[in-house]
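Encoded as structure tokens, the structure appears first; notes follow it.
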Amino acid sequence: MLDINFIRENETAIRRAIDVKGVACDFNRLLEVDRRRRTIQKESDAERTKSKELSGQIGLYKNPKGKWYQKALAEGRSQDELRAEGDKLQSESAGVRDRIKALEEESKSVNDEFRALMLTVPQVPSEKTPLGKDESGNVEVRREGKPRAFDFQPRDHVELGKSLGIIDIERGVKLAGARNYLLRGAGASLHQAVLRLAMDTIVSRGFEPVTVPVVVRDEMMYGTGYYPGGEEQTYRCERDEKSLVGTAEVPLTAMHADEILDESDLPIKLAAVSTCFRREAGAAGKDTHGIYRIHYFDKVEQVVLCRADEAESEKHHHEIIANAEAVLKALELPYRVMIVCTGDMGQGKVEMYDIETWMPSRNAYSETHSASRLGSFQARRLSLRYRGPDKKTRFCHTLNNTVIASPRILIPILELNQNADGSVTVPKALRPYMNGMERIEPHR
RNA sequence: GGAGAGGUGGCUGAGUGGCUGAAAGCAACGGUUUGCUAAACCGUCGUACGGGGUCACUCCCGUACCGGGGGUUCGAAUCCCCCCCUCUCCGCCA
């Protein structure tokens with residue numbers, strides 16, 4: 001959500017953002033509703049003032065214990081007289097009350113519509129952001145490492161997972177339907193090792209480790225910008241009005257919602273590992289092979305809450321990308337960094353980078369990380385503020401990035417470290433987390 | 001899940017229909033005093049929206065908000081209903 005004052009003053013920029021992001025937002029209607037909303041408030045404030053004045057008067061006439069009433073008696077006015085005066089004012093007041101009621105009713109519907117429209121206004125993308133309609137408009141920023149050239153016919157992670165007995169898709173499907181899986185033995189250990197490496201790395205870089213609930217109130221989904229719009233992608237517990245999170249970004253970003261932090265507390269840097277749940281509705285037939293696109297996975301996520309300052313926000317953005325890269329480098333995986341274009345970046349984002357890791361079976365760099373800075377977009381929805389030395393409250397800026405998401409990252413790890421004999425060499429950085437295991441051997 | 005108690009400003013806590021946007025204390029901030037620190041004293045000290053003023057900040061006015069939403073009333077922190085949350089006891093349970 002943006003500041004309505006900012007919106008009013010930057011009409012052109014907003015209209016452009018709606019256009020380049022391809023967002024559905026009835027901007028003209030918003031401006032119209034905003035005007036109406038302010039008119040109503042003015043009118044209703046005036047009526048309320050009147051009503052308050054009258055009520056105050058009536059109170060004097062109707063409160064025999066009051067000082068004014070006592071004084072009036074002492075001045076020789078009779079109780080009947082005072083009661084009659086009070087009754088007269090009271091009937092006058094009833095008319096005012098009716099007008100207020102009518103205004104309130106309209107105000108309610110106008111404000112509901114206003115809020116709903118406000119949720120659809122997109123954040124203005126940064127100047128660096130390339131224009132583009134979809135994924136194909138993303139631009140490569142840099143590349144690290146080289147895809148491996150095999151001197152034998154490499155297998156893909158599904159084959160490897162099966163022959164090594166570490167990925168069991170059939171039973172995952174039996175248990176939970178399509179896009180489910182189990183990791184077993186060294187596969188489960190490898191998964192845990194990756195998460196622990198990521199967690200250790202991020203904590204060593206000054207992030208506070210946190211555990212988070214993965215079922216959250218719907219309002220946190222709205223607050224972080226996943227609702228409205230993302231309902232189809234989310235497993236939702238209808239009767240509790242709660243949702244399973246698709247990322248720990250939601251609880252981490254929302255944990256300070258409705259708070260006014262002290263500027264000296266910022267930046268707040270948080271990291272959590274959580275299971276992530278995604279319905280993948282609308283992705284039918286897409287990435288169906290293996291464990292690339294699945295209904296549940298684990299992810300270490302990093303979140304930064306910082307001061308409302310573009311330069312500082314940008315600095316943290318680079319930092320969280322560097323954090324993710326540090327893990328990929330430790331894992332010796334080839335990857336490239338992409339800046340995501342306007343059409344692919346999402347409504348709330350100012351700037352977004354994806355990291356894509358080389359996956360031999362896909363013969364492509366494929367998304368493994370996503371780093372966003374959202375300005376005050378989420379903070380406004382969440383009412384996440386801080387107070388500076390000047391005593392003014394401001395909305396924080398929020399940022400987030402993947403540190404590692406597994407098992408997707410196991411795809412390149414397994415495929416790139418495979419050997420001609422069908423075994424997989426465990427990356428050095430993971431061995432300490434796997435009781436020193438150096439190789440995963442096929443078992444028969 | 002059952003029974004009871006309760007949710008008031010950064011915190012503690014008063015307030016059971018009008019004079020309460022809210023006592024008092026603490027904390028915080030500004031100042032006076034002081035060689036310094038402490039203490040003492042004076043002052044400031046919630047948020048949001050709308051309006052006014054200003055180059056801009058400070059500022060001024062109005063309205064709303066005492067967990068959230070409805071209701072009763074001329075008038076609600078105070079009465080009624082629903083929901084959420086916390087605590088205690090019981091039950092169940094990793």
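Every chain is numbered from 1 and lettered A, B, ... according to where its sequence line falls, protein lines coming before strand lines.
In the set B:rA64, B:rG18, B:rC49, the nucleotide with an atom closest to the side chain of A:R37 is B:rC49. Nearest to the side chain of A:K42, among B:rG51, B:rC84, B:rG75, sits B:rG51. Checking B:rC74, B:rU47, B:rG70 against the side-chain heavy atoms of A:K108 singles out B:rG70 as nearest. Comparing atom distances between the A:R97 side chain and each of B:rC84, B:rC74, B:rU72 picks out B:rC74 as nearest. The side chain of A:K52 approaches B:rU63 more closely than any other nucleotide in the set B:rG18, B:rC85, B:rU63.
B:rC87 is paired with B:rG4 under the criterion used here, namely a Watson-Crick or G-U wobble arrangement in which both key atom distances are under 3.5 Å. Remark: B:rG25 base-pairs with B:rC11; criterion is Watson-Crick or G-U wobble with both hydrogen-bond distances under 3.5 Å.
With salt bridges taken as basic N to acidic carboxylate O contacts below 4.0 Å, one links A:E106 and A:R36.
Positionally, the nearest nucleotide of RNA chain B for A:N5 lies more toward the 5' end than for the other of A:N5 and A:K101. Both A:L60 and A:R385 lie near RNA chain B, and the one whose nearest nucleotide falls closer to the 5' end is A:L60.
Across all strands shown, A:S44 has no heavy atoms under 4.0 Å from either base or sugar-phosphate atoms.
Atoms CD1 (A:I100) and C1' (B:rG62) sit 13 Å apart, rounded to a whole Å. Look at CG on A:N111: it is 13 Å from P on B:rG69, rounded to the nearest Å.
Within the structure, a side-chain polar atom (N or O) of A:Q90 is placed less than 4.0 Å from OP1 or OP2 of B:rC74.
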